[in-house]
Number of protein chains: 2
Amino acid sequence: MTTLVDVAKKANVSKMTVSRVINHPDKVTDELKQLVYQAMRELDYHPNMIAKALVDKSTRIIKLCILEDIDTTEPYYMNLMLGIAKTLDLHQYSLQLVTRKNFDIGNCDGYVITGMREQDVEWIKKLKKPVIIFGENRYGLDYVDTNNKAGTYLLAQLALKKGYERLIYVGIDSKESFEYSRESGYLQQVQEKRMVPELHRFENHSHLAEQFVYDNWNKITQNTAFICASDRLAIGVERGIVRRGGKIPEGFGVTGFDGVFLNQVASPKITTIKQSIIEMGSACGENLLDKIDSNQSQGSLIFEPKISLGGTLRS
Amino acid sequence: MTTLVDVAKKANVSKMTVSRVINHPDKVTDELKQLVYQAMRELDYHPNMIAKALVDKSTRIIKLCILEDIDTTEPYYMNLMLGIAKTLDLHQYSLQLVTRKNFDIGNCDGYVITGMREQDVEWIKKLKKPVIIFGENRYGLDYVDTNNKAGTYLLAQLALKKGYERLIYVGIDSKESFEYSRESGYLQQVQEKRMVPELHRFENHSHLAEQFVYDNWNKITQNTAFICASDRLAIGVERGIVRRGGKIPEGFGVTGFDGVFLNQVASPKITTIKQSIIEMGSACGENLLDKIDSNQSQGSLIFEPKISLGGTLRS
DNA sequence: CTTAAATATGTTACCGATAACATCAGAGAT
DNA sequence: ATCTCTGATGTTATCGGTAACATATTTAAG
């Protein structure tokens with residue numbers, strides 16, 4: 001490995017000048033800078049992050065804390081990790097997966113936390129190191145998420161455009177922020193069109209949504225679209241409609257919200273919001289690293305939703 | 001953070017003595033050792049891995065190189081990463097995910113490579129740092145894998161014990177070592193029982209196996225069990241039998257080999273070999289770290305297969 | 001009872017970077 | 001022409017460890 005000293009010798013300067021070229025280039029004359037750059041190129045110099053870390057007493061470790069149970073069959077966290085790790089590796093940081101339990105074991109430079117609930121806010125706010133939450137929240141903590149409200153708003157809008165005349169919202173029975181946002185996206189669309197909102201909430205299990213549709217079939221008129229808060233619920237609704245002999249998408253529409261692998265084996269595939277978790281994870285990592293470097297909040301990062309067309313809305 | 005010097009002061013010794021207590025305890029008298037241990041406990045001392053790494057010019061990075069395309073819907077690699085990362089984190093190493101393309105970017109202390117093919121052997125053997133292959137091979141490279149041969153051997157044995165009289169092997173059309181091993185496990189069982197081996201090979205897609213069963217239904221006698229090289233193929237066989245009206249497990253048996261999430265939604269579930277990828281990944285990490293520390297091969301690690309009973313063999 | 005060898009502990013230098021301070025040269029002021 | 005002052009560059013100390021060498025203390029041998 002070539003070091004600062006090697007470069008310094010080659011460029012005929014002191015190692016401090018080389019260090020400055022890297023960290024404070026404005027404090028070095030262009031002439032010397034060129035010499036140093038040249039030497040760095042010729043020697044293929046890459047700074048030793050370990051030595052740097054020793055000086056700034058940093059750990060180069062970012063902890064990823066997943067506060068909900070991991071369903072390893074879902075690629076969700078795999079993608080999130082992949083995305084975060086991609087950015088971190090680029091900056092020679094490493095990702096450490098921790099649970100609430102072993103959260104405090106070992107030092108680190110910052111945190112990514114996902115699956116946060118209200119009860120977690122208190123201890124998270126007390127953390128001394130930069131934090132970024134994966135998933136929206138209303139407690140003033142910086143986060144990365146899809147624009148949930150815009151997502152259901154757009155899907156509801158699309159459903160109306162396709163001629164469905166009644167919009168029923170099937171939501172998740174939870175107090176989490178993303179659910180409020182998804183509901184309000186639906187509500188806004190419905191209000192703008194002067195329609196009557198119809199909301200139902202269930203735990204996020206397909207069979208509950210399926211049962212609901214099945215049980216209330218007589219009250220469900222033709223030409224209704226179901227705006228669901230998750231793909232799981234949407235798949236349930238889809239099954240319920242099919243079991244009652246309803247036609248999708250001719251008679252009934254269904255939309256979901258990405259987050260579940262099962263959609264890949266559903267038929268027809270749900271029209272839903274496509275979230276690129278990898279990309280979001282990657283951005284999440286960048287945001288956190290910026291926060292660490294600058295020592296100040298970089299704000300939240302909200303991704304605009306993109307509709308993924310399945311076969312559950314008329315085309 | 002407390003340092004060596006803090007501990008040294010508290011114990012009234014030089015920092016070198018403290019360092020020795022950690023790395024060469026036999027070179028320090030018991031008396032001093034007790035003092036030092038006491039001080040370390042009182043100060044909750046944890047060695048700074050970064051400083052250590054600077055001294056031994058190590059990076060504390062292990063690269064995980066996945067040579068096949070990642071199917072992010074499969075929890076396989078998620079589990080592998082989780083397993084490796086678990087061990088590495090314990091030893092304050094970090095895991096860096098690389099592809100063949102960016103393999104050489106950045107230094108590291110060792111490699112875990114998976115999805116290796118024959119053409120990869122050459123460059124892998126040239127690597128200067130310790131390597132461990134995830135997945136068996138016959139090129140003398142240390143690896144971690146399930147005992148593939150024992151797996152099919154046991155499944156074939158079980159099928160015979162359950163009274164199936166004919167065993168058809170449905171394998172993967174590939175030259176990879178694990179496939180040879182799975183075939184030979186089947187063959188050995190068949191030879192021991194003086195039966196006639198029947199082997200067929202397909203690409204690892206369920207519909208190919210399904211088509212095969214469907215097309216050859218007239219040649220498939222009642223009381224046959226299919227020993228398949230993968231769950232994917234087993235699911236295909238299962239579907240083929242069902243489409244032809246065959247009864248599983250009464251008339252026909254099917255066994256797979258773990259590796260596919262789809263089995264979780266198959267019905268009935270395939271009787272297969274259960275591989276704990278997390279555990280194997282974890283062992284893989286330990287093996288590699290030992291290799292790095294000792295600077296010599298730790299040999300391969302072969303996990304004995306465990307049968308996971310589904311509903312595709314008579315009980 | 002010396003003296004050499006073995007053992008236990010301390011001192012120094014170093015890993016590769018950076019901050020803080022020291023030095024030096026040239027620009028501008030008097 | 002001399003004296004600041006400023007900006008560019010070099011020197012030293014430091015981060016937290018470890019190896020190599022130096023020194024002090026025992027132990028064993030003759």
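So that the names make sense, note that chain A is the first sequence line, chain B the second, and so on, each numbered from 1. Given the structure is predicted, the values throughout are model-derived calculations rather than measurements.
Looking at which nucleotide of DNA chain D each of B/His24 and B/Ala51 is closest to, the 5′-most match is held by B/Ala51.
Distance from the side chain of A/Leu54 is smallest to C/dG16 among C/dT9, C/dG16, C/dT11.
No engagement by A/Asp56 is indicated, since no non-hydrogen atom pair under 4.0 Å with the nucleic acid exists. Using a 4.0 Å heavy-atom cutoff across all strands shown, A/Val13 reaches sugar-phosphate atoms only and no base atom. Counting non-hydrogen atoms under 4.0 angstrom, A/Ile50 reaches nothing in the nucleic acid. Contact annotation for A/Val5: no contact, since no heavy-atom pair falls under 4.0 Å across all strands.
Using modelled atom types and a 3.5 Å distance limit, the side chains of A/Asn107 and A/Lys129 yield a donor-acceptor pair.
Taking 4.0 angstrom as the limit, A/Lys15 places none of its side-chain polar atoms (N or O) nearer than this to OP1 or OP2 of C/dA17. Between A/Thr3 and C/dG16 there is no side-chain N or O to OP1 or OP2 distance below 4.0 Å. For the OP1/OP2 pair of C/dT9 and a distance below 4.0 Å, the side-chain nitrogens and oxygens of B/Thr29 include at least one atom meeting the criterion. The side chain of A/Asn23 places an N or O atom within less than 4.0 Å of a non-bridging phosphate oxygen (OP1 or OP2) of C/dT18.
Taking a heavy-atom distance under 4.0 Å as the criterion, the stretch of DNA chain D touched by chain A extends 5' to 3' from D/dA8 to D/dG16.
Between the side chain of A/Asp258 and the backbone N or O of A/Gln275, at least one donor-acceptor pair lies under 3.5 Å.
Within the cation-pi definition used here (under 6.0 Å to the ring centroid, within 45° of the axis), B/Arg138 does not qualify as a partner of B/Tyr180.
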